[in-house]
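In what follows, a structure is listed as structure tokens, so that the remarks can point back to it.
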Protein chains: 2
Amino acid sequence: MTDATTDFEPAPEPLPDSGRDGAAQRAGALQLAVSTVIFALRTDDRFGAQGAMPTLWLPLVRRIREPFEGRWALPGGPLQTTEGLADAARRTLGDTTGLAPRYLEQLYAFGDVDRTASGEPGAARVVSIVYWALVGSDEAARATVGQNVRWFPADELPGLAFDHNLIVDYALWRLRNKMEYSRIAHALLGETFTLAQLREVHEAVRGKRLDPANFRRAMESSDALVDTGERLTGTPHRPPKLYRYDTSVGLVDTGPLPHP
Amino acid sequence: MTDATTDFEPAPEPLPDSGRDGAAQRAGALQLAVSTVIFALRTDDRFGAQGAMPTLWLPLVRRIREPFEGRWALPGGPLQTTEGLADAARRTLGDTTGLAPRYLEQLYAFGDVDRTASGEPGAARVVSIVYWALVGSDEAARATVGQNVRWFPADELPGLAFDHNLIVDYALWRLRNKMEYSRIAHALLGETFTLAQLREVHEAVRGKRLDPANFRRAMESSDALVDTGERLTGTPHRPPKLYRYDTSVGLVDTGPLPHP
DNA sequence: GGAATAGTGTCTATAAGACAGTATGCA
DNA sequence: TGCATACTGTCTTATAGACACTATTCC
């Protein structure tokens with residue numbers, strides 16, 4: 001794992017953070033970066049609450065350079081000439097969290113001329129191609145943290161660098177929409193899960209309680225669940241069935257595009 | 001209007017088609033281009049059929065340079081450092097067709113490392129941010145054409161340059177999906193239109209006949225139609241009402257993103 | 001009046017949601 | 001036995017589609 005980097009690093013060639021006066025640094029230069037909004041489900045244990053609902057969290061990286069030095073930003077970095085866009089997203093995701101995504105999708109390309117302007121003139125222009133990713137709850141629990149990497153609740157973010165608040169808002173909007181008509185909720189869980197856990201994911205993301213009976217029927221008719229034959233033990237009451245995601249069905253319909 | 005250009009032009013600075021040995025031309029360089037898939041509704045008059053159904057057409061530009069010299073490609077060009085991404089799409093759209101879009105949306109960023117490789121090595125890598133656009137049928141009728149710009153039926157395209165066939169397929173997929181849950185169909189018509197015309201748009205794009213009665217109800221309940229009080233005369237039979245699109249309602253829901 | 005399209009009414013199939021009720025494990 | 005959760009059944013309501021019917025204009 002290399003150092004975590006954020007969007008808008010000036011080094012265009014081989015290694016991130018190498019030189020800060022490359023050819024692309026000249027005035028009017030246009031840089032291409034890839035950033036990723038990484039979502040995971042976490043149970044807020046700040047108050048030690050036991051049966052607390054899990055909520056959406058995401059890791060941010062503290063900027064160690066102007067502009068926006070000291071502000072939190074999305075993990076990312078310049079696109080290497082030998083890697084694809086999704087590869088770059090996967091790489092910065094791994095650099096930041098040590099994790100691999102269970103779901104990865106391109107979100108949007110942000111390229112307003114003044115989006116990297118922090119006030120002082122002369123800043124280079126950066127076009128950021130942003131991805132969003134989901135990581136499983138079991139892996140997310142052992143994600144790396146450090147001085148410059150911290151997880152935040154998705155709905156309690158501080159003022160971020162650049163236009164990254166808007167980017168996260170858009171990623172959240174997309175996630176919530178997609179949650180209603182696709183099967184991506186599975187990507188936020190572990191290998192096996194109960195129907196109650198799957199329902200909790202939907203409730204946490206969509207922000208409202210769902211009827212257990214109707215939810216069960218909706219999931220059963222989607223043909224995405226495989227009964228493992230096992231049950232989750234250790235619960236205080238009747239043990240629920242454990243399911244596995246049917247990997248023969250894609251999480252989403254990407255149309256003519258190949259899956260990333 | 002300047003000359004029409006396609007994706008992957010090597011000139012990075014002020015004017016398209018100026019110099020072909022700029023700094024970005026060096027080995028391993030990474031270029032950023034913006035291309036646009038432009039849709040319009042046209043009645044195929046190649047066979048002189050009178051009451052023929054309108055179908056989807058799109059303009060392509062013939063490449064006058066290697067790689068893929070002579071092949072048809074999407075209109076586009078390098079991103080200028082002083083314009084936004086949507087501005088670049090609008091600009092190349094105007095350069096190619098002389099038109100302004102009634103609807104414009106970012107489609108996807110294509111950036112596979114080998115997407116610009118035509119066989120011979122040494123080609124620079126290009127990341128293309130692709131937009132898709134809809135132009136009204138009245139304007140589309142007076143679109144400019146030329147030796148190197150030609151309109152094609154969207155479902156009878158030849159083998160295009162680069163990965164442009166995939167891009168068009170994806171744009172078509174997105175258009176068809178969005179046609180079912182948004183009001184973009186209006187953007188393919190003129191200022192005023194009849195319900196039958198609006199239904200023909202849906203039928204042409206979605207590729208199946210729709211029940212006039214049910215379609216009428218669906219449109220009336222969408223609150224996007226304004227009765228102009230006028231009727232379309234000159235029809236052989238009962239004259240239908242003319243409607244106008246209610247511009248106080250957006251064509252689509254873009255979430256937190258500003259409309260382009 | 002006939003023909004053709006504009007426009008209305010109504011029935012059915014399907015899906016989404018509300019909610020009562022049964023089943024099963026542990027304290 | 002009580003209780004909490006797993007799981008099932010059924011009713012209501014909203015919606016999409018099929019299709020019969022009336023209305024109006026030009027020829």
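The figures here come from the full heavy-atom set of this structure, side chains too, leaving out hydrogens, waters and symmetry mates. Residue numbering restarts at 1 for every chain, and letters A, B, ... go by the order of the sequence lines.
Checking B:Arg174 against B:Asn177 by side-chain atom types alone, no donor-acceptor pair falls below 3.5 Å. A donor and an acceptor atom, one from each side chain of B:Arg90 and B:Thr36, are nowhere located under 3.5 Å apart. No donor-acceptor contact under 3.5 angstrom links the side chains of A:Arg199 and A:Thr194, judged on distance only.
Partners of A:Ser248 according to the side chain to side chain donor-acceptor pair (under 3.5 Å) rule, which considers only residues two or more places apart in sequence or in another chain, are A:Asp246. With sequence neighbours excluded, the residues forming a side-chain contact (heavy atoms from CB on, under 4.5 Å) with A:Asn165 are A:Leu157, A:Leu160, listed by chain and number.
Atom CZ in B:Arg206 sits roughly 11 Å away from atom P in D:dA16 (whole-Å rounding). The CG-P distance, from B:Leu210 to D:dG17, rounds to 8 Å in whole Å.
For residues 176-192 of chain B, proximity to DNA chain C is found at no residue, defined as any non-hydrogen atom under 4.0 angstrom from a strand atom. Interface residues of residues 213-221 of chain A facing DNA chain C, ordered by number: A:Ala213, A:Asn214, A:Arg217; criterion, heavy-atom separation under 4.0 Å.
For A:Trp72 and A:Phe152, the distance between ring centers is under 6.0 angstrom. Aromatic pair B:His186/B:Tyr103: ring centres not closer than 6.0 Å.
Under a 3.5 Å cut-off, the side chain of B:Glu203 and the backbone N or O of B:Leu210 do form a donor-acceptor pair. Judged by distance alone, with hydrogens and angles left aside, the side-chain atoms of A:His164 form no donor-acceptor pair with the main-chain N or O of A:Ala73 at under 3.5 Å. One N or O on the side chain of B:Arg102 and one on the backbone of B:Gly190 form a donor-acceptor pair closer than 3.5 Å.
Between the CG atom of B:Leu242 and the OG1 atom of B:Thr228 there is a distance of 5.0 Å, given to the nearest 0.5 Å.
For DNA chain C, the span of nucleotides reached by chain B at under 4.0 Å from its heavy atoms goes, 5' to 3', from C:dA3 to C:dT10.
Among A:Leu107, A:Asp163, A:Leu175, the one residue that satisfies the side-chain contact (heavy atoms from CB on, under 4.5 Å) test with A:Tyr170 is A:Leu107.
Between B:Lys241 and B:Glu230 there is no salt bridge, since none of the side-chain N atoms of the basic residue sits less than 4.0 Å from a carboxylate O of the acidic one.
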For nucleotides 23-27 of chain D, list the nitrogen or oxygen atoms of the protein found under 3.5 Å from its nitrogen or oxygen atoms, one pair per line.
unit_1	atom_1	unit_2	atom_2	d
D:dA23	N3	B:Arg238	NH1	2.8
D:dT24	O4'	B:Arg238	NE	3.4
D:dT24	O4'	B:Arg238	NH1	3.4
D:dC26	O4'	B:Pro236	O	3.0

